[in-house]
Amino acid sequence: MNQVYVNELKNHIGEEVTLKGWLYNSRSSGKLLFLLVRDGTGIVQCVVFKPNNESLFETAKSLGQESSIIVRGKVREDARSPIGVELEVTDLEVIQNVEGYPITPKEHGTEFLMDHRHLWIRSRRQHAILRIRHTVVKATRDFLDNRGFILADAPIFTPNACEGTTTLFEVNYFDHDKAYLTQSGQLYNEATAAAFGRSYCFGPVFRAERSKTRRHLTEFWMVEPEMAYATLDDVMNLAEEMVCYVVERVLEERRDDLKTLERDVSKLERIKAPFPRIHYDEAVKILQDGYEKGALENKFEWGGDFGAPDETYLSSQFELPVFVHHFPASIKAFYFERDKERPELALGADLLAPEGYGEIVGGGQRAFDLEFLEKQIAEHNLPREAFEWYLDLRRYGSVPHAGFGMGIERCVAWICGIEHVRETIPFPRMLYRLRP
RNA sequence: UCCGCAGUAGCUCAAUGGCAGAGCAUUCGGCUGUUAACCGAAGGGUUGUAGGUUCGAGUCCUACCUGCGGAGCCA
């Protein structure tokens, strides 16, 4: 059987081919029957004409949505088809005739669709989003691989809070200790960067925050590159290039999917380096101006961390993603290097996506000095013993080094232009959503 | 954790405190080019749960459950 996939049909015009897939939807018009068949690569309309084969027509007519079928037919060019071709059915094998598929081609609510997520991912829109996710992941990895970064993944079970800030998921780890699900591979990356020079990890991370907004998942994927002998500027340069590369690849490879999502691609086409880079002091000024103009409800004070409305306002001032750098050290994790001129500032940078999608990249330069780090750990009330291995990195060949993390789902949500990150991962985990 | 909104047929939603309704889906019938096809007919209900007010509650009140949006927190 010469099985052909829907996305290859254009190369088989005039030939008789076999499609293996599922019935997406069907329409009938008396003696004509239109079967929309999907096979994972696309959807094609298959036409059955009653007088040509009456029993085949009756079989085809009885098929329910999502019935699994093998269709044989002749590929025909047709201007009316969205993909340029359709199939004139000559034979039909029913693997399973389905009754009562829950997701109909009409509107459904979020709760219903999320309860049926395992089936929802068969639909056009979800397909487009998840294919774009695939390309974002692939492009990210290609980008780092091509620059000599070594994939060295960090563990998911960790003995302690890596930054000591966010709420962690706790699990029993055999007889004695509790373990925690990682919230970032960063500390481990610093070790692998000292081993390989340039390294990255790519995996799921977990946050037990009780956040329920369109930007939050409890389990999400993060790519975290780390570089030895690198500075804050190196981090911003790398993140900027990486984001541009990823957007470019999606524009190249996923135009059709962006179209399905009705994404305004002109907004993506102008994502080119350099991105604006603003100092925290300047960001504060912009936010205070925003308050004066009445665009923000609360007056932002120097020293605070940005809330969601602040981030949205800041990003709305620019068409490109914008870096904010040199945050007050007091609102950042213990491991940040300090600014030499102004030690109250941390050498960190966040990248805010345009159109209010929030922070997609966060990173910076790590503390170099052993004594400084020891002091930081003490001041943050972190258990010193747990960080001994980390302190070793400052004892044995410490170098200036830096890195960042990029949240895959927020990045995908921004590129797709969709409302909520829950659609950017096959099976989202959220505050009130653990199933399916 | 806090604030706000919602829950009625398989799904999406209507119903001034007064007979429980429509579209889609399903089943049956019609149609040779449909694009969420269309046209006709039929079946389909413990109105989230428990209590209360009322002659009468889907509708008003209280509590709880479930979900949604947001805040805080976070990427």
Side-chain angles (χ1 to χ4, degrees), chain A residues 24-36 43-52 57 61-62 64-66 76 78-83 86 88 98-116 119-120 123-125 163 165-168 183-186 204-224 297-298 304-312 331-333 348 350-353 356-363 404-414 419-422 424 430-433 435:
Chain A
Y24 192 73
N25 195 9
S26 73
R27 292 179 280 268
S28 89
S29 174
K31 296 186 174 61
L32 268 177
L33 188 62
F34 303 97
L35 304 174
L36 292 184
I43 297 172
V44 66
Q45 176 164 284
C46 303
V47 188
V48 184
F49 185 41
K50 193 174 181 181
N52 288 355
F57 184 87
K61 205 175 149 188
S62 74
Q65 209 188 331
E66 286 300 320
R76 227 177 21 205
D78 195 308
R80 289 164 294 192
S81 162
I83 59 165
E86 62 179 26
E88 197 182 327
V98 168
E99 204 180 311
Y101 184 71
I103 303 179
T104 64
K106 290 281 175 181
E107 279 171 32
H108 299 281
T110 306
E111 187 184 0
F112 177 81
L113 289 170
M114 274 299 166
D115 284 342
H116 296 85
L119 303 175
W120 188 22
S123 74
R124 267 200 181 101
R125 177 184 155 87
E163 305 182 16
T165 50
T166 65
T167 318
L168 301 176
Q183 51 139 330
S184 161
Q186 202 230 292
V205 294
F206 308 86
R207 306 279 166 100
E209 309 287 343
R210 301 181 81 82
S211 301
K212 39 190 262 97
T213 78
R214 63 176 64 129
R215 296 179 305 281
H216 288 89
L217 298 170
T218 55
E219 175 184 318
F220 64 98
W221 285 66
M222 196 152 71
V223 58
E224 298 176 85
E297 261 178 54
N298 299 309
D305 205 353
F306 306 138
D310 303 318
E311 281 187 358
T312 303
I331 57 168
K332 288 286 168 187
D350 286 354
L351 182 65
L352 305 179
Y357 283 92
E359 183 186 338
I360 52 170
V361 166
F404 67 86
M406 181 177 85
I408 296 299
E409 288 76 14
R410 281 194 185 174
C411 194
V412 174
W414 161 54
E419 268 296 296
H420 203 299
V421 289
R422 67 183 160 218
T424 64
M430 295 175 288
L431 183 52
Y432 296 122
R433 172 69 57 185
R435 290 191 180 83

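First the proteins, then the strands, lettered A, B, ... as listed; each starts at 1. The shown structure was predicted, so the numbers you read here are calculated from the model rather than taken from an experiment.
Straight-line distance between the P atoms of A63(B) and A75(B): roughly 36 Å, to the nearest whole Å. With C1' as the reference atom, C5(B) and A9(B) are 24 Å apart, rounded to whole Å. Of the C1' atoms belonging to A14(B) and C24(B), the separation is 15 Å, rounded to the nearest Å. Going from the P atom of G58(B) to that of A50(B) covers 13 Å, rounded to whole Å. As rounded to the nearest Å, G51(B) and G70(B) have P atoms that lie 36 Å from one another. For the P atoms, the distance linking U62(B) with G45(B) amounts to 32 Å, nearest Å. Annotation: G4(B) and A20(B) have their P atoms spaced 34 Å apart (nearest Å). Here, U59(B) and U49(B) have their P atoms 11 Å apart, quoted to the whole Å.
Side chain of E111(A), nearest nucleotide from G70(B), A75(B), U66(B): U66(B). Closest to the side chain of F49(A), from the set G72(B), U32(B), U34(B), is U32(B). With A75(B), A71(B), G69(B) as the candidates, the nucleotide lying closest to the side chain of R214(A) is G69(B). With U1(B), A75(B), C74(B) as the choices, the nucleotide that has an atom nearest any side-chain atom of E209(A) turns out to be C74(B). Nearest to the side chain of N25(A), among U32(B), A36(B), G69(B), sits A36(B). Checking C73(B), A71(B), G69(B) against the side-chain heavy atoms of A308(A) singles out A71(B) as nearest. Comparing atom distances between the F112(A) side chain and each of G33(B), C11(B), G72(B) picks out C11(B) as nearest. Taking the side chain of T104(A) as heavy atoms from C-beta on, and the options G33(B), A25(B), C73(B), the nearest nucleotide is A25(B).
As the counterpart of C19(B), no nucleotide is assigned, since no Watson-Crick or G-U wobble pattern has both distances under 3.5 Å. C31(B): no Watson-Crick or G-U partner with both key distances under 3.5 Å is found in any strand. Across the strands present, A71(B) finds its partner in U1(B); the criterion is a Watson-Crick or G-U wobble pair with both atom distances under 3.5 angstrom. In a base pair of the Watson-Crick type (N1 to N3 plus N6-O4 or O6-N4) or a G-U wobble (N1-O2 and O6-N3), with each distance short of 3.5 Å, A6(B) is matched with U66(B).
Looking at heavy atoms from C-beta onward, P51(A) lies out of side-chain contact with F57(A) at the 4.5 angstrom threshold. Counting heavy atoms from C-beta outward, W414(A) and R410(A) have side chains that stay 4.5 Å or more apart.
Between F112(A) and H116(A), the ring-plane angle classifies as tilted under the 30° and 60° cut-offs.
Residue-level contact check: K50(A) touches neither bases nor backbone, having no heavy atom under 4.0 Å from any strand. Base contact: S28(A) has a heavy atom under 4.0 Å from a base atom. Contacts of R125(A) with the nucleic acid, taken as non-hydrogen atoms under 4.0 Å apart, are absent. Using a 4.0 Å heavy-atom criterion, one finds that G362(A) contacts no nucleic acid atom at all. Using a 4.0 Å heavy-atom criterion, one finds that H420(A) contacts the sugar-phosphate atoms exclusively. Using a 4.0 Å heavy-atom criterion, one finds that G30(A) contacts the bases of the nucleic acid, with or without backbone contacts as well. Nucleic acid contact for R124(A): none, since no nucleic acid atom lies under 4.0 Å from a heavy atom of the residue. Counting any heavy atom pair closer than 4.0 Å across all strands shown, L36(A) reaches no nucleic acid atom.
In this structure, F220(A) forms an aromatic stack with the base of A75(B), since both conditions hold: centre separation below 5.5 Å and plane angle below 30°.
As rounded to whole Å, 15 Å separates atom P of A25(B) from atom OH of Y101(A). Put simply, CG on L32(A) is 16 Å from P on G30(B), counting in whole angstrom units. One interatomic measurement links the two molecules: NE2 of H108(A) to P of C11(B), which rounds to 10 Å at whole-angstrom precision. Atom CG of D310(A) is separated from atom C1' of A71(B) by 12 Å (rounded to the nearest Å). Taking atom OH of residue Y432(A) and atom P of nucleotide A6(B), one finds them 18 Å apart after rounding to whole Å. Atom NZ of K31(A) and atom P of U34(B) are 16 Å apart (whole Å). The CD atom of E311(A) sits 13 Å away from the C1' atom of G72(B) (whole-angstrom rounding). Taking atom CZ of residue F306(A) and atom P of nucleotide A75(B), one finds them 14 Å apart after rounding to whole Å.
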Trace of the salt bridge (Lys or Arg N to Asp or Glu O under 4.0 Å) decision for R80(A) with D78(A): CA-CA 5 Å; R80(A) 289 164 294 192; D78(A) 195 308; 3.0 Å; yes

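In summary, the side chains of H108(A) and T104(A) do present a donor paired with an acceptor at a separation below 3.5 Å, with no hydrogens or angles considered. E224(A) and S184(A) are linked by a side-chain donor-acceptor pair at a separation below 3.5 angstrom, with hydrogens and angles left out of the test.
Residues T218(A) and M430(A) approach most closely at OG1-N, 3.8 Å, considering heavy atoms.
Regarding contacts with the backbone of C38(B), every side-chain N or O of R27(A) stays at 4.0 angstrom or more from both OP1 and OP2. The phosphate of A71(B) (OP1 or OP2) has a side-chain N or O of R215(A) nearer than 4.0 angstrom. OP1 or OP2 of A75(B) lies within a sub-4.0 Å distance of a side-chain N or O belonging to R207(A).
With respect to R433(A), the side-chain contact (heavy atoms from CB on, under 4.5 Å) criterion is satisfied by exactly one of R422(A), E111(A), K212(A): E111(A).
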